[in-house]
Amino acid sequence: MTECPRPQGWAPMDSPGYGSTARRHATHAPIAIPHTLTETSAPRFLPGAYPASADMSVHGGHASMGERIIVGGRVLDEDGRPVRGAMLEIWQANAAGRYHHIRDQHDAPLDPHFAGTARVFADDDGSWQITTIRPGAYPWGNHPKAWRPMHIHFGLMGHGFAQRLVTQMYFPGDPLLPLDPVFNAIPDAAARELLVAKFDLDHAVENWALGYRFDIVLRGRGATPMEDGHAH
Amino acid sequence: MHTSPSQTAGPYWHLIDQPEWADLLRDQQGHAPLTLTGRITDGDGMPCGDAMVEMWQAGPDGAYGNGFHGFGRCATDADGVFRFTTTRPGPVPGPGNSLQAPHVTLSIFARGLMHHVTTRAYFEAEPLNDADPILALVPQTRRHTMLARQTAPGVWTLDIRLQGAGETVFLDI
């Protein structure tokens, strides 16, 4: 049983630059609870029943429009240990900055050969990799001339339900990054930097695709419930 | 190491939605079905119609992942309503020699939530609630926001208010 405070450096729930937080943030502080079996256990998504799908750059047998890229990295916990078997669910807009989603009405073309979703699992080393298309920036209604920087959404399921993380990966050098209220809601520059992928030729493939590295650090596993005498 | 910060799931997370995940009994036999439903509203009382709701619970034996998958995911509809089909969990071992009352963890991800919020749904009138070590940490006046009520045979309802009057108790886990 350990107290596991909310990680430092995360964005406040009330982030005035991001208008949608105004009526959705809780006004009471969350109540800290000790980790119990409920928080230290997590669902298992075995690749047999939840097949991996690592290539977003081909859909229905056709190559997607846009700049093909390879994105990969490792999933680690706070102690630097690989989170083996972590499930990554990934979604993004197409090269023109439009999601294959009925509510996205941005006047940019849909690509019939791009669905924009992937699911992969971290290996024993915590490593994972996808092939995709560099997503486009797109406008949103938050403020005048607001455009989201290029980004890829990531959802991670680790070894404990308390490790659950949904976040976004950004691209280095994007001129929209300093202007984005979602990214900049994270108060700490070093913490923001964790969400910016590194251009990485090690992930590139000759005459095929450039590469980016994106490592993800989940919260620690917390205490095992063993010390309470309820080994499971 | 610093942890990677959370960012909002945004309004287009449905690209990864698997609607069948809302039915935890889809691959299960022999469990008494229970519907867990509720409506998510914001500080203006408006429905939160673009949320992703996830749940995690023990099986009827009180164990996690012991033959009962225990995880569900559901999109809220235009009225902000989520609905899971599951079965009632058993009591779960707690810290020390305590026993946790049957409960379902609920996490909400949405546009406007910088990171997900997490609460628990307990079952009203469950005798074990009185001794639950987690409920004991919640001020008495707000505990009702974590108590699902039986609203029809087999149907338990817990509305979630993200902000304002009757604001749901969220847990820092």
Side-chain angles (χ1 to χ4, degrees), chain A residues 1 4-7 9-13 15 18 20-21 23-28 30-39 41 43-44 76 78-80 89 91 99-101 103-104 116-117 153 155 161-162 164-168 182 185-186 190-191 194-195 216-219 225 228 230 232, chain B residues 1-16 42-44 46 48 50 52 54 56-58 63-66 69-71 92-97 100 103 105 107 109-118 120 133-134 137-138 142 162-164 167-173:
Chain A
M1 171 172 162
C4 291
R6 197 171 286 275
W10 283 27
M13 295 296 280
S15 293
Y18 175 22
S20 291
T21 67
R23 290 289 176 263
R24 289 187 167 188
H25 72 269
T27 58
H28 290 85
I31 293 178
I33 64 167
H35 279 185
T36 73
L37 268 179
T38 301
E39 290 74 34
S41 57
R44 299 187 73 195
L76 304 171
E78 286 173 275
D79 301 319
E89 295 175 288
W91 71 101
Y99 289 88
H100 184 65
H101 189 289
R103 291 183 202 164
D104 186 356
T117 66
H153 294 267
F161 210 59
R164 182 82 172 101
L165 176 70
V166 171
T167 190
Q168 301 180 30
V182 178
I186 301 164
L194 293 173
L195 299 185
I216 301 165
V217 182
L218 303 181
R219 303 174 63 183
D228 296 329
H230 293 292
H232 278 252
Chain B
M1 300 177 77
H2 286 293
T3 56
S4 303
S6 175
Q7 294 269 269
T8 179
Y12 304 128
W13 69 269
H14 305 85
L15 289 178
I16 61 160
D42 68 13
D44 293 325
M46 299 299 290
C48 189
D50 54 11
M52 172 167 90
E54 291 184 348
W56 174 233
Q57 69 163 75
Y64 283 94
N66 181 28
H69 193 248
F71 176 78
V92 174
N97 290 316
Q100 303 185 74
H103 62 276
T105 297
S107 287
F109 308 72
R111 172 180 63 84
L113 296 185
M114 296 304 309
H115 39 90
H116 58 283
V117 289
T118 297
R120 287 182 173 193
I134 301 303
L137 300 173
V138 176
R142 299 185 67 207
L162 294 176
Q163 183 189 85
E167 186 174 297
T168 294
V169 168
F170 297 112
L171 303 174
D172 186 356
I173 63 169

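In the text below, chain A, chain B and the rest are named by the order of the sequence lines, each starting its count at 1. Scope of the values below: all heavy atoms of this structure, side chains included, with no hydrogens, waters or symmetry mates.
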What part of [X] gets within 4.5 angstrom of chain A, counting heavy atoms only: side chain, backbone, both, or neither?
X       : value
N66(B)  : neither
F109(B) : side chain
I134(B) : side chain
Q57(B)  : neither
M46(B)  : neither
A58(B)  : neither

[X] [atom1] to [Y] [atom2] distance, which is reported to the nearest 0.5 Å:
X       : Y       : atom1 : atom2 : result
L113(B) : H25(A)  : CG    : NE2   : 11.0 Å
W13(B)  : H153(A) : CH2   : NE2   : 12.5 Å
T117(A) : L15(B)  : OG1   : CG    : 7.0 Å
R23(A)  : Q163(B) : CZ    : CD    : 6.0 Å

Quick one: which of [options] has the most heavy-atom pairs under 4.5 Å with chain A, could you say?
options                      : answer
A9(B), S6(B), G70(B), G43(B) : S6(B)
R142(B), Q100(B), M52(B)     : R142(B)
D42(B), L137(B), I16(B)      : I16(B)

For [Y], is there any backbone N or O sitting under 3.5 Å from a side-chain donor or acceptor partner on [X]?
X      : Y       : answer
S4(B)  : V217(A) : yes
Y64(B) : L37(A)  : no
E78(A) : T3(B)   : no

Can you confirm whether [X] sits close enough to [Y] that some side-chain heavy atom of one is under 4.5 Å from a side-chain heavy atom of the other?
X       : Y       : result
Y18(A)  : R111(B) : yes
V92(B)  : T36(A)  : no
R164(A) : S107(B) : no
P12(A)  : M114(B) : no
L171(B) : E39(A)  : no

Between H115(B) and W10(A), is the gap from one ring center to the other below 6.0 Å?
yes

Which atoms form the tightest heavy-atom contact between R24(A) and A110(B), and what is the distance?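 Closest approach of R24(A) to A110(B), heavy atoms only: NH1-CB, 3.8 Å.
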
Turns out that what part of T27(A) lies under 4.5 Å from chain B's heavy atoms comes down to both

- Message: Could you work out, with side chain to side chain contact (heavy atoms under 4.5 Å, CB included) as the rule, every residue matching I186(A), not counting sequence neighbours?
- Response: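 Side chain to side chain contact (heavy atoms under 4.5 Å, CB included) check on I186(A) returns A11(A), A191(A), R192(A), L195(A), P5(B), Q7(B).
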
Contacts of type side chain to side chain contact (heavy atoms under 4.5 Å, CB included), residue T105(B), not counting sequence neighbours: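 With neighbours one apart ignored, the set is T38(A), F161(A), W56(B), H103(B), T118(B), R120(B).
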
Heavy-atom pair count under 4.5 Å with chain B, highest-scoring of [options]:
options                           : result
R103(A), H100(A), R44(A)          : R103(A)
A162(A), A185(A), S41(A), A190(A) : S41(A)
L194(A), V166(A), L218(A)         : V166(A)

Only residue of D172(B), I173(B), V169(B) satisfying side chain to side chain contact (heavy atoms under 4.5 Å, CB included) with I31(A) is V169(B)

